[in-house]
Student: 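Quick one: the structure is below, questions incoming.
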2 protein chains.
Amino acid sequence: MEVTSTSPSRRVERKEKLRDEILAAASKMFADRGYEAVTLREIAKEIGYTHAVIYQHFPDKWHILAELSSETIGLMVQNFDAIAVKHLASKERLFATSRGLIQFCTAHPQQFRNVFFGPENRNGVRAGQYINDLGAPLFERFVQLFFDVAKEEGLPSKDDIVVAHTWWFSIFGLATLMVIQGVVPDLPDQTLVVEQTIATLWAGVQAVPRLPKSAISKRSGRSSASKQQQLLST
Amino acid sequence: MEVTSTSPSRRVERKEKLRDEILAAASKMFADRGYEAVTLREIAKEIGYTHAVIYQHFPDKWHILAELSSETIGLMVQNFDAIAVKHLASKERLFATSRGLIQFCTAHPQQFRNVFFGPENRNGVRAGQYINDLGAPLFERFVQLFFDVAKEEGLPSKDDIVVAHTWWFSIFGLATLMVIQGVVPDLPDQTLVVEQTIATLWAGVQAVPRLPKSAISKRSGRSSASKQQQLLST
DNA sequence: TCGATTTATAACCATTGGTGACAAACCAGC
DNA sequence: GCTGGTTTGTCACCAATGGTTATAAATCGA
């Protein structure tokens, strides 16, 4: 039994090592050529094995991406924190992290695609969706930072989460359009559009108050009911 | 020879009819279950044929989607025009068509995904990208409308295409995030975020002037060189 | 009615993700 | 160092997919 810290018994060691090799190879290949274009047999060949061995470490191809997606989102959080810590004024933090988010996306376009716009598993769960528990910290930081700014700068919409969403959805949406090519016309100067968007949004949130929930027309929207925990069920 | 208007000879008629049947069946099935999940054999079965017959009308599966994508974008243009014609003041046209774009996307989420975020063909061309010639009219309308507004409302950034892009990328990006689920937290009230975004952007474009191309840091952006005409080459 | 052309099919192909039987490598306990 | 159970990796296999081709059947002009 010996549940204590007995040595990883070499066997476990090697098993974990192989698992990491699979992940490393998959990560590189997915990033280079996209999830769909990469074959399990190619991944295995890359590290000198047969493709069947992968199934001793992952239930299926999708779960490899799921794990890598979790890593990627972790990097986005790190990126956010590293930038945020550099600026004292919350307004500067907001601007810098907004730029940082977009830069991260354009620096890793294929990862971004795989994570957020990649394949769904059998249950219709997207790889990026699966780790909502991991994505949550990221968006919580976004929202919290915006609240900080709203307070520090005395914005009219103090603690309105709708306004916070407006900011970050616009930023995140712009990042998406810049990464998924061909959706909108090519940008002659990406940086300029980013700066213009940030400036416009900033001017906007300063001027616009929280909208009254009345005055808005019909339509309730597609539920917010959490459908977590379809997670690992393959 | 007889190049004139000889009767379509029944044979041509039937051929076109079958082609339309394929398109109709594919359209419905793609919209219901997504491009990847639909099989050529299923499409053929739906209209009472074998899958091989499809290849007499389309070079491959992707080209079916390409043709349907062109239809979809055509509908978006129609939708735009139908809304625009209802409003005299250009500002109202801008607001209404912005709402209309988002509504169209959320009303046809799977089509939207297939067209703009769907599969690439062998040359790395996305289905929505392929019909840039068709998408162009849509975006030209967007930009032109914004210029009209800028002029009519005396915005500081009269004819700056960067500002126009800022508006439409924010709207289009929001539509994207609302359609591709799981990317951002579910919205408790979609309509509210849409209205808040429009209000914020409007306040922003009124206040913010055109940014000087200086003052912006480094980075040139990913070229604007047109890579059209990889089009039909399968 | 005849003969060329079109149309649809069946049989086939290579590739893919995924599975299961089996043999080799491994690592205890003696 | 041997022995026997366990782990590890492979091979052969499966069903399904997009795509191709030879061929039979339907069509239609003459």
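To find a chain, count down the sequence lines: A is the first, B the second, and so on, and within it residues start at 1. Quick caveat: nothing in here was measured; it's all calculated off a predicted structure.
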Student: Between Y55(B) (OH) and dC12(C) (C1'), how many Å, whole number?
Tutor: 14 Å
Student: Do L75(A) and N79(A) come within less than 4.5 Å of each other through their side chains, counting heavy atoms only?
Tutor: no
Student: Under 3.5 Å, which donor-acceptor pairs do the side chains of residues 138-145 of chain B form with other protein atoms, sequence neighbours left out?
Tutor:
{"from": "R141(B)", "atom 1": "NE", "to": "P137(B)", "atom 2": "O", "distance (Å)": "3.3"}
{"from": "R141(B)", "atom 1": "NH1", "to": "D81(B)", "atom 2": "OD1", "distance (Å)": "2.8"}
{"from": "R141(B)", "atom 1": "NH1", "to": "D81(B)", "atom 2": "OD2", "distance (Å)": "2.5"}
{"from": "Q144(B)", "atom 1": "NE2", "to": "D148(B)", "atom 2": "OD1", "distance (Å)": "3.0"}

Student: In whole angstrom, give the distance that lies between atom CG of N121(A) and atom P of dG18(C).
Tutor: 11 Å
Student: What parts of residues 36-49 of chain A reach DNA chain C, counting only heavy atoms under 4.0 Å away?
Tutor: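 When residues 36-49 of chain A is checked for heavy atoms under 4.0 Å from DNA chain C, the hits, listed by number, are V38(A), T39(A), L40(A), R41(A).
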Student: Could you report the tightest heavy-atom contact between S98(A) and I171(A), atom names first, then the distance?
Tutor: O-CG2, 3.8 Å
Student: Mind checking whether L187(B) and L192(B) have side chains closer than 4.5 Å, heavy atoms only?
Tutor: no
Student: Go through DNA chain D in 5' to 3' direction and return only the first and the last nucleotide with some atom under 4.0 Å of chain B's heavy atoms.
Tutor: dT17(D) to dC28(D)
Student: Using distance only, find each side-chain donor-acceptor pair of residues 25-47 of chain A under 3.5 Å and give its atom names and separation, not counting sequence neighbours.
Tutor:
{"from": "K28(A)", "atom 1": "NZ", "to": "D32(A)", "atom 2": "OD2", "distance (Å)": "3.2"}
{"from": "R33(A)", "atom 1": "NH2", "to": "A37(A)", "atom 2": "O", "distance (Å)": "3.1"}
{"from": "R33(A)", "atom 1": "NH2", "to": "E42(A)", "atom 2": "OE1", "distance (Å)": "2.9"}
{"from": "R33(A)", "atom 1": "NH2", "to": "E42(A)", "atom 2": "OE2", "distance (Å)": "3.3"}
{"from": "Y35(A)", "atom 1": "OH", "to": "W62(A)", "atom 2": "N", "distance (Å)": "3.3"}
{"from": "E42(A)", "atom 1": "OE1", "to": "T39(A)", "atom 2": "N", "distance (Å)": "2.9"}

Student: Got I22(B) and F58(B) here, is their nearest side-chain heavy-atom distance under 4.5 Å?
Tutor: yes
Student: If every non-hydrogen atom of E120(B) is compared with every non-hydrogen atom of R126(B), which pair is closest and at what distance?
Tutor: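 Residues E120(B) and R126(B), closest heavy atoms: OE2-NH2, 2.9 Å.
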Student: Rounded to whole Å, please give me the gap between CZ in R19(B) and P in dT7(C).
Tutor: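 Taking atom P of dT7(C) as the reference, CZ of R19(B) is at 13 Å.
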Student: Which class fits the ring pair F112(A) and F116(A): parallel under 30°, tilted 30 to 60°, perpendicular over 60°?
Tutor: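 Tilted, since the angle between the ring planes falls between 30° and 60°.
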Student: Rounded to whole angstroms, how far apart are NZ on K61(A) and P on dT19(C)?
Tutor: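 Going from K61(A) (NZ) to dT19(C) (P), I get 15 Å.
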Student: Heavy atoms under 4.0 Å is the rule here; annotate nucleotides 22-30 of chain C 5' to 3' with B where the base is hit, S where only the sugar-phosphate is, and - elsewhere.
Tutor: ----BS---
Student: By nearest heavy atom, map H51(B) and V53(A) onto DNA chain D; which one lands nearer the 5' end?
Tutor: V53(A)
Student: With H108(A), which residues qualify under side-chain contact (heavy atoms from CB on, under 4.5 Å), at least two apart?
Tutor: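 Partners of H108(A) by the side-chain contact (heavy atoms from CB on, under 4.5 Å) criterion, ordered by chain and then number, come out as F104(A), Q111(A).
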Student: Search all heavy atoms of M178(A) against all heavy atoms of Q190(A) and return the closest pair with its distance.
Tutor: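 Between these two residues, the closest heavy atoms are CE-OE1, 3.0 Å.
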Student: Kindly give the heavy-atom pair with the smallest separation between V193(B) and T166(A), and that separation in Å.
Tutor: O-OG1, 4.0 Å
